[in-house]
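Before any comments, here is the structure.
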There are 2 protein chains.
Amino acid sequence: MKQKFRSNCPISSALDLIGDKWSLLIIRDMMFSGKKTYSEFSNSNEKIATNILSNRLTMLEELEIINKGKLEGNKKTNIYSLTQKGKELLPIILEIAQWSDNNLNDHLQDGAKPFVNKFKSNKEGFIQNMYARFEKQEG
Amino acid sequence: MKQKFRSNCPISSALDLIGDKWSLLIIRDMMFSGKKTYSEFSNSNEKIATNILSNRLTMLEELEIINKGKLEGNKKTNIYSLTQKGKELLPIILEIAQWSDNNLNDHLQDGAKPFVNKFKSNKEGFIQNMYARFEKQEG
DNA sequence: GTAATAACTTTCATAATGCAAGTAAAAATC
DNA sequence: GATTTTTACTTGCATTATGAAAGTTATTAC
């Protein structure tokens, strides 16, 4: 696992790992759309290129942000799941969404509002709910 | 103007704007180190290249995340400051720092802990304090 | 007047991304 | 059992972004 950290700063170190335009979108799709296979990720709204998707899945697995597994009786489809490290990206993603909701009104259509409204009034409750749901999905 | 946004998603839209390895570090330095000039940003721990710094300052200004101004009697030094839109990136940055604190223990030395400890127990209070401090700086 | 400083810009090499097409194994269909 | 489809990639190549270093211009300090 070759990790090139620019400094000892916790902010720059996180950006060294997930500071790109695609990694958090894969995590988003796992969290909120229940996506777990390569082809599901490949069909995202933002049209990620397959080589980039492949590269990011490999990196996220190396970083232990996601796991790669199989289902019994299926040797073909890879099932990706969030590790604890990956699940804990949720608060970051929610803050990003809320910032956009507050500051990108010129661009975001009303379709984006309902998502943010789900947690805006009770963020901590929403997070705990999501964590519980993550557990259920595994069990 | 080039197509800036990949989709209507608030998460991907934010990443379209600040989803790179440098933008948030400039904001970090403005928030926590009181940096406000080109040369101050240029001296960061992470050694940003001057062409990238120039590019990011221009972009952040175009996005109205920062303002560019001068001090009276000085035609040379540019003074950069955070807009409201920029200040509101604080919660994102704090969540990123906390994620690193929780999940990058192998890499982060103890030097990174004190920063996170400042807000870990009372994040909302810390944020409000910082917002108040931002106001004071503007005078 | 000369030197130093601040804020860039330019050049060029390297790395990352994007697009299209191709591949291989497994699974589904006929 | 053979053929088609699906899944998960890989490869090649053009474009774009980044990184390192040196150069430029205006301003300020000495």
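- Note on B:Asn55: nothing from the nucleic acid sits closer than 4.0 angstrom, heavy atoms only.
- Rounded to a whole Å, the CG atom of A:Asn78 is 14 Å from the C1' atom of C:dA27.
- Straight-line distance from the NZ atom of A:Lys47 to the C1' atom of C:dA20: 15 Å, rounded to whole Å.
- Comparing D:dA8, C:dC19, C:dT17 by their nearest atom to the side chain of A:Thr37 picks out D:dA8.
- C:dA7 atom P lies 8 Å from atom CD1 of B:Ile79, rounded to whole Å.
- Two residues, A:Asn51 and A:Thr77, neighbour DNA chain D, and the one matched to the more 5' nucleotide by heavy-atom proximity is A:Thr77.
- Between B:Glu72 atom CD and D:dT27 atom C1' there is a gap of 18 Å when expressed in whole angstrom units.
- The side chain of A:Asp20 lies closest to C:dT17 when the candidates are C:dT9, C:dT17, D:dT18.
- In this structure, of D:dA20, D:dT18, D:dC9, it is D:dC9 that holds the atom nearest to the side chain of A:Tyr80.
- Side-chain contact annotation: B:Ser13 with B:Asp16, donor-acceptor N/O pair under 3.5 Å absent.
- Between the CG atom of B:Leu82 and the CD atom of B:Gln137 there is a distance of 8.0 Å, given to the nearest 0.5 Å.
- In this structure, B:Trp22 reaches the D:dG19 phosphate: one of its side-chain N or O atoms is under 4.0 Å from OP1 or OP2.
- Residue contacts shown for B:Phe41 are absent, as no nucleic acid heavy atom lies under 4.0 Å away.
- When the C1' atom of D:dG12 is taken as reference, atom CD1 of A:Ile52 falls 14 Å away, rounded to whole Å.
- One can place CG of B:Leu53 at 17 Å from P of D:dA17, the figure rounded to the nearest angstrom.
- Residue A:Lys76 places no side-chain atom within donor-acceptor reach of the base of D:dT7, judged by atom type and a 3.5 Å distance cut-off alone.
- What separates CG of A:Leu71 from P of D:dA8 is a distance of 11 Å, to the nearest Å.
- Checked by atom type, the side-chain pair A:Ser7/B:Glu46 shows a donor-acceptor distance below 3.5 Å.
- Note: A:Phe119 and A:Phe115 have perpendicular aromatic rings, judged against thresholds of 30 and 60 degrees for the angle between ring planes.
- Counting non-hydrogen atoms of other residues, nucleotides and ligands closer than 6.0 Å to CE of A:Met130 gives a total above 12.
- Using a 4.0 Å heavy-atom distance criterion, B:Lys70 is classed as making no nucleic acid contact.
- Atom pair A:Asn74:CG and C:dA28:C1' shows a separation of 12 Å (rounding to whole Å applied).
- For B:Ser54 and C:dC8, the shortest distance from a side-chain N or O to OP1 or OP2 is not below 4.0 Å.
- Along DNA chain D, the nucleotide nearest to B:Lys21 and the one nearest to B:Thr50 differ in position, and the one closer to the 5' end is contacted by B:Lys21.
- Using a 4.0 Å heavy-atom cutoff across all strands shown, B:Ser42 reaches no nucleic acid atom at all.
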